[in-house]
Engineer: 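Can you keep this structure in mind? I'll have questions shortly.
Quick caveat: nothing in here was measured; it's all calculated off a predicted structure.
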Amino acid sequence: MLNPHPHRKFENPSGLQADGLKARHIYYDSLGISYEPTDRSTIQSQAKQAFGVALSKRIGYPLTAEVLLKERTTMNHYGTNHESNLENWEGYRHMYENAQHVVTTLFDGTAKTDRIEYINAKVGELLREKFLIQNSFYEQLQIQNH
């Protein structure tokens, strides 16, 4: 039986983590900087926190922590300070909006691609079933006609 919701990767944390790593790469490329997990400069701190919040809304704190090479409690800290950062930390809002766009675009696109693959597999399964039913029906007609 096919998974009726393949776009839901909740059963596959490694898939979510891989998508998170891909999003991290795209996000940091869009900023024109490389990811430095231990760098505490303002730009790195803002980028990490903004991306951490955006990604954790999709895959949760534990997997986001793995993607960012941080502790889960650090993700909690990012989430707790998010609203304050949006209002008071110059440049953070822009970073967050960028991160949110990257994460949403990647994860929604992945979900749509997965759904298309599921539908294609289901169509193939239904066509095979149709063929079997038709064959059975035609065999019955031939037996009745003889």
Side-chain angles (χ1 to χ4, degrees), residues 1-140:
M1 175 78 177
L2 290 172
N3 177 0
H5 303 288
H7 56 287
R8 293 186 188 164
K9 295 184 179 178
F10 301 116
E11 301 84 23
N12 182 4
S14 63
L16 289 173
Q17 186 178 9
D19 287 347
L21 288 167
K22 184 185 229 181
R24 187 185 84 189
H25 179 75
I26 293 167
Y27 171 66
Y28 276 85
D29 276 357
S30 75
L31 297 177
I33 60 175
S34 61
Y35 179 66
E36 301 293 338
T38 59
D39 187 335
R40 296 178 70 150
S41 66
T42 300
I43 192 163
Q44 284 287 338
S45 294
Q46 284 183 335
K48 273 186 276 239
Q49 290 186 46
F51 182 73
V53 171
L55 186 60
S56 67
K57 289 180 179 182
R58 286 295 182 136
I59 67 173
Y61 287 162
L63 288 175
T64 300
E66 290 180 27
V67 168
L68 289 177
L69 307 172
K70 296 289 180 186
E71 297 291 324
R72 183 190 50 77
T73 55
T74 301
M75 297 304 104
N76 189 41
H77 172 77
Y78 292 173
T80 300
N81 293 309
H82 176 64
E83 290 300 320
S84 175
N85 288 343
L86 284 172
E87 292 180 26
N88 302 313
W89 200 4
E90 187 176 336
Y92 177 81
R93 178 177 296 278
H94 172 72
M95 294 256 193
Y96 175 69
E97 288 170 354
N98 187 1
Q100 193 174 34
H101 174 73
V102 168
V103 168
T104 299
T105 301
L106 179 86
F107 277 81
D108 287 352
T110 299
K112 288 175 184 172
T113 301
D114 288 347
R115 185 70 180 155
I116 289 168
E117 288 175 12
Y118 166 76
I119 290 169
N120 286 337
K122 193 66 175 171
V123 166
E125 193 177 283
L126 292 171
L127 287 172
R128 283 187 293 281
E129 183 179 350
K130 175 186 170 195
F131 178 74
L132 291 172
I133 292 170
Q134 283 177 330
N135 279 347
S136 174
F137 178 71
Y138 292 140
E139 286 174 5
Q140 285 178 338

Engineer: Would you check, one step at a time, whether the test side chain to side chain contact (heavy atoms under 4.5 Å, CB included) holds for H25 with Y35?
Structural biologist: CA-CA 8 Å; H25 179 75; Y35 179 66; over 6 Å; no
Engineer: Of all the heavy-atom pairs spanning P37 and K48, show the shortest one and how long it is.
Structural biologist: O-NZ, 3.3 Å
Engineer: Would you indicate whether the side-chain heavy atoms of L55 and F107 approach each other to under 4.5 Å?
Structural biologist: yes
Engineer: Give, for atom CZ of F131 and atom CD of Q134, the distance between the pair rounded to the nearest 0.5 Å.
Structural biologist: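 One gets 8.0 Å once the value is rounded to the nearest 0.5 Å.
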Engineer: So, R128 and E125, do they make that salt bridge, N to O below 4.0 Å?
Structural biologist: no
Engineer: Taking all non-hydrogen atoms of both residues, which atom of A23 and which atom of V102 are closest, and how far apart?
Structural biologist: O-CG1, 3.6 Å
Engineer: Within this structure, what is the CD-CD1 distance for the pair E36 and I43, rounded to the nearest 0.5 Å?
Structural biologist: 11.5 Å
Engineer: Do K130 and L126 make a side-chain contact, defined as non-hydrogen atoms from C-beta onward lying under 4.5 Å apart?
Structural biologist: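 With C-beta onward as the side chain, the pair stays apart.
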Engineer: If we only count heavy atoms from C-beta on, is the Y96 to Q49 side-chain gap below 4.5 Å?
Structural biologist: no
Engineer: Is the shortest side-chain heavy-atom distance between R58 and D108 below 4.5 Å?
Structural biologist: yes
Engineer: List the atom of R40, the atom of S45, and the distance in Å for their closest heavy-atom pair.
Structural biologist: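 Reported closest heavy-atom pair: O-OG, 3.3 Å.
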Engineer: Starting at CD of Q46, measure out to CE of M95 and round the result to the nearest 0.5 Å.
Structural biologist: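 Going from the CD atom of Q46 to the CE atom of M95 covers 5.0 Å.
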Engineer: Could you report the tightest heavy-atom contact between I59 and T64, atom names first, then the distance?
Structural biologist: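 Looking at all heavy atoms of both residues, the shortest contact is CG1-OG1, 3.4 Å.
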Engineer: Please report the interatomic distance CZ(R24) to CG(D19), rounded to the nearest 0.5 Å.
Structural biologist: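 These two atoms lie 13.5 Å from each other.
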Engineer: Output every pair passing side chain to side chain donor-acceptor pair (under 3.5 Å) with a member in residues 71-83, not counting sequence neighbours, ordered by first then second residue.
Structural biologist: H77-N81, H82-Y92
Engineer: Test of understanding: with side chain to side chain donor-acceptor pair (under 3.5 Å), list the residues that count as partners of H94, not counting sequence neighbours.
Structural biologist: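 Once residues adjacent in sequence are excluded, H94 has no partner under the side chain to side chain donor-acceptor pair (under 3.5 Å) criterion.
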Engineer: Check the surroundings of atom CD in E90: do more than 12 heavy atoms from other residues, nucleotides or ligands lie under 6.0 Å from it?
Structural biologist: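 Check fails, neighbour count at 12 or below.
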Engineer: If every non-hydrogen atom of V103 is compared with every non-hydrogen atom of A54, which pair is closest and at what distance?
Structural biologist: CG1-O, 3.9 Å
Engineer: Carefully, step by step, assess Q44 and Y28 under the rule side chain to side chain contact (heavy atoms under 4.5 Å, CB included).
Structural biologist: CA-CA 10 Å; Q44 284 287 338; Y28 276 85; 4.0 Å; yes
Engineer: Roughly how far apart are L68 CG and L21 CG, rounded to 0.5 Å?
Structural biologist: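 It is 9.0 Å, given to the nearest 0.5 Å.
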